[in-house]
S.K.: 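Have a look at the structure that comes next, please.
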There are 2 protein chains.
Amino acid sequence: MTGGGGLADLAWIGCDWGGSSLRVFAVAADGRVLAVRRSDDGAGGLAPDGFEPALMALVADWLPDAPPAAIRVLICGMAGSRTGWREAAYCDPDVPLTRLAAAAVAAPALDRRIRPLILPGYARGDPPDVMRGEETQLLGLIGTEPGFAGLVCLPGTHSKWARIADDRLTASATMMTGEIFALLARQSILRQSLRPAAVLVDEAGFRAAVRQAMADPAAVLPAMFALRAADLTGGGADPAGGDEGRADPERAADRLSGLLIGLELAALPRTGWRAGEAVVVIGAPALAGRYAVALDACGIPARQVSGETLVIAGLRAAHAQMIAAGS
Amino acid sequence: MTGGGGLADLAWIGCDWGGSSLRVFAVAADGRVLAVRRSDDGAGGLAPDGFEPALMALVADWLPDAPPAAIRVLICGMAGSRTGWREAAYCDPDVPLTRLAAAAVAAPALDRRIRPLILPGYARGDPPDVMRGEETQLLGLIGTEPGFAGLVCLPGTHSKWARIADDRLTASATMMTGEIFALLARQSILRQSLRPAAVLVDEAGFRAAVRQAMADPAAVLPAMFALRAADLTGGGADPAGGDEGRADPERAADRLSGLLIGLELAALPRTGWRAGEAVVVIGAPALAGRYAVALDACGIPARQVSGETLVIAGLRAAHAQMIAAGS
């Protein structure tokens with residue numbers, strides 16, 4: 001019984017709050033997603049008192065005028081950082097994903113119709129690593145595939161690699177591959193010789209660069225500048241192809257991407273990867289697909305899973321944990 | 001005999017035109033440097049018709065009112081690039097440094113009192129590499145140390161490595177170490193946890209990072225983000241020290257610098273380096289000193305030589321080549 005208004009069947013709201021974007025999901029009591037909205041109100045651009053207005057801008061018309069109880073808004077990601085809405089302290093890796101919701105932190109809200117709850121991330125030492133948001137996708141993975149154990153790659157601005165066993169994160173590492181690529185392609189001297197495309201233009205060149213960097217990580221720095229030198233001297237960026245005899249900026253961008261992802265893959269043994277083990281790649285199709293090609297180039301089997309699907313599954317699993325705990 | 005005015009004893013002018021700065025040297029007939037001036041009119045910020053005014057702003061009052069012949073202005077560096085004052089096409093590595101001046105290109109000048117001559121750089125293929133400006137320092141090195149043969153490192157925004165034998169560049173490679181460090185330290189997520197200092201603050205941490213990256217280049221990407229994670233979780237950036245129990249942003253900057261320079265040194269075998277061979281490091285004292293420490297951390301003997309001294313020596317040698325050729 002509600003006092004009127006709002007989205008029919010709404011039971012709770014899920015929220016994936018990244019550094020540069022915000023996605024919200026209206027969810028029914030049976031777990032169906034009733035509606036999805038997004039905005040560019042990422043946590044990186046918000047002061048603590050800016051989170052509630054940014055959320056309400058997307059969900060206000062979903063809310064009944066007077067719900068019998070406040071609607072849970074279950075949030076994962078950067079809203080829980082030190083400079084976010086309210087800090088949700090990192091969990092220790094000993095805490096299983098299946099108990100993540102017990103560590104959720106209530107965030108303050110002026111609108112009494114909502115009850116924002118922020119899920120924590122994980123932190124570990126030796127070597128130090130942190131994650132915020134990806135843990136919810138991992139929770140979604142073990143919710144979707146109970147008993148899952150293995151190595152997961154979540155590519156992005158900051159790629160996360162995680163090993164899961166017994167519903168726990170037994171290892172994790174972060175590589176700033178996407179951020180370094182963007183800085184080099186847009187702001188370094190290489191910008192004059194590169195033009196990143198949304199899709200792979202030169203898959204053969206990309207594969208060759210991945211293999212080169214993975215087999216010989218020390219080749220990466222000289223090979224980067226060689227992309228610029230090839231352009232200046234009229235040499236092709238692609239020694240195998242080069243149908244026009246000069247560098248093509250989209251092919252050069254694929255080469256740089258391949259060198260950096262190959263350097264990332266060279267660190268695979270550090271994640272406990274064993275030869276022949278398949279890697280689950282979680283992310284948006286274009287980027288996850290690029291990583292799947294890179295892994296394939298190195299003879300590593302890969303399986304892609306949609307990141308958005310797993311975020312929803314993870315929020316749903318966390319919500320179920322709360323219901324089960326009566327919180 | 002001059003028509004009056006100008007700097008007494010001026011015979012010619014040397015000019016080191018970098019991407020972001022310009023240095024000019026007034027030189028006497030016997031090679032003495034009479035005066036030095038600099039400005040921030042780097043070639044990167046000038047249109048072709050902006051070079052002469054930028055030069056004259058520094059040297060106009062050195063020039064006699066009516067010299068009996070135009071004063072040679074011998075220029076090395078980026079003024080000869082495709083987008084510079086006038087393009088001086090790259091030399092092939094077969095051309096010995098001792099014949100570099102023969103490939104100098106005259107640049108147009110409105111003021112008839114000067115005769116600008118731009119020295120070319122070198123380019124090579126397989127793998128592609130280019131240099132503009134550093135070749136003049138290398139010419140200065142073999143002028144100062146006749147018969148020099150060996151491996152030379154010229155650290156900078158773009159570090160150049162060159163092997164010299166028989167007055168020729170037999171190998172070269174460029175690594176964008178300085179540019180990548182600046183992008184990461186100032187613009188990436190690491191900027192929140194780093195503060196670069198002018199001098200080494202944590203030499204032990206720097207050495208450890210150099211050794212780690214050189215021994216295991218694949219460790220570089222995960223170790224970079226670990227600097228941020230250590231700050232977020234309150235862990236020290238320096239596992240050996242850590243007297244305060246949390247990360248120090250200047251120490252973290254030294255760690256990042258060490259990781260990147262170590263990755264650069266991991267490419268040493270590509271330059272034909274043989275174990276035990278000393279490396280000559282050419283540059284400004286602070287940066288050359290940092291590289292000397294890095295090399296020492298890896299057990300590689302290093303000898304520092306002043307870059308400014310060698311630029312002057314190289315311009316002087318190129319001028320002597322012109323005089324000898326009667327050009």
Side-chain angles (χ1 to χ4, degrees), chain A residues 19 81-83 90 123-132 157-159 161 173-177 179-180 182-184 187-190 192 213-214 216-237 239 247 260 263-271, chain B residues 19 81-83 90 123-132 157-159 161 173-177 179-180 182-184 187-190 192 213-214 216-237 239 247 260 263-271:
Chain A
S81 82
R82 223 186 252 175
T83 56
Y90 292 111
R124 66 175 61 238
D126 197 23
D129 192 44
V130 293
M131 84 169 45
R132 266 198 199 281
T157 305
H158 297 166
S159 290
W161 289 77
T174 303
M175 291 175 257
M176 300 163 53
T177 317
E179 183 166 23
I180 295 172
L183 287 169
L184 289 171
Q187 299 194 54
S188 81
I189 186 79
L190 297 182
Q192 301 175 19
M214 193 186 179
D216 180 12
V220 169
L221 278 183
M224 271 183 196
F225 186 78
L227 296 170
R228 173 69 181 150
D231 187 24
L232 285 173
T233 59
L260 290 171
L263 184 60
E264 181 177 342
L265 297 188
L268 260 185
R270 235 164 291 273
T271 62
Chain B
S81 83
R82 220 186 255 174
T83 56
Y90 291 111
R124 66 175 61 240
D126 197 24
D129 192 43
V130 294
M131 86 170 43
R132 268 197 199 282
T157 304
H158 297 166
S159 290
W161 288 78
T174 304
M175 290 176 256
M176 301 163 52
T177 319
E179 184 166 21
I180 295 173
L183 286 170
L184 289 171
Q187 299 194 52
S188 81
I189 185 80
L190 298 182
Q192 301 175 19
M214 193 186 179
D216 180 11
V220 169
L221 278 183
M224 273 182 194
F225 186 78
L227 296 170
R228 173 70 181 149
D231 186 25
L232 285 173
T233 58
L260 290 170
L263 185 59
E264 181 177 341
L265 297 189
L268 259 185
R270 235 164 292 273
T271 62

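Please read these numbers as outputs of a predicted model, since none were measured by experiment. In the text below, chain A, chain B and the rest are named by the order of the sequence lines, each starting its count at 1.
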S.K.: Considering only heavy atoms and a distance below 4.5 Å, find which of S81(B), S188(B), G125(B) pairs most often with chain A.
M.R.: S188(B)

S.K.: Tell me, side chain or backbone of Q187(A) under 4.5 Å from chain B's heavy atoms, or both, or neither?
M.R.: both

S.K.: What part of E179(B) lies closer than 4.5 angstrom to a heavy atom of chain A: side chain, backbone, both or neither?
M.R.: side chain

S.K.: Which one of D129(B), T174(B), V220(B), L190(B) has the most heavy-atom pairs closer than 4.5 Å to chain A?
M.R.: T174(B)

S.K.: Tell me, out of D216(A), L221(A), L260(A), who's got the most heavy-atom pairs with chain B below 4.5 Å.
M.R.: L221(A)

S.K.: Heavy atoms only, distances under 4.5 angstrom: which of D126(B), I189(B), T177(B), T157(B) has the most pairs with chain A? Name it, please.
M.R.: I189(B)

S.K.: Nearest heavy-atom pair of D231(B) and R82(A): which atoms, and what distance?
M.R.: O-NH2, 3.2 Å

S.K.: So which residue, F225(A), Y90(A), W161(A), ends up with the most heavy-atom pairs under 4.5 Å with chain B?
M.R.: F225(A)

S.K.: Where is the tightest heavy-atom contact between A218(B) and A267(A), given as atom of each residue plus distance?
M.R.: O-CB, 3.5 Å

S.K.: Rounded at 0.5 Å granularity, tell me how far CG in L232(A) sits from CZ in R132(B).
M.R.: 8.5 Å

S.K.: Can you see which heavy atom on M176(A) is nearest to which on L184(B), and at what distance?
M.R.: CE-CD2, 4.0 Å

S.K.: Using every non-hydrogen atom in the two residues, find where P217(A) and L263(B) come nearest and quote the distance to one decimal.
M.R.: O-CD1, 4.0 Å

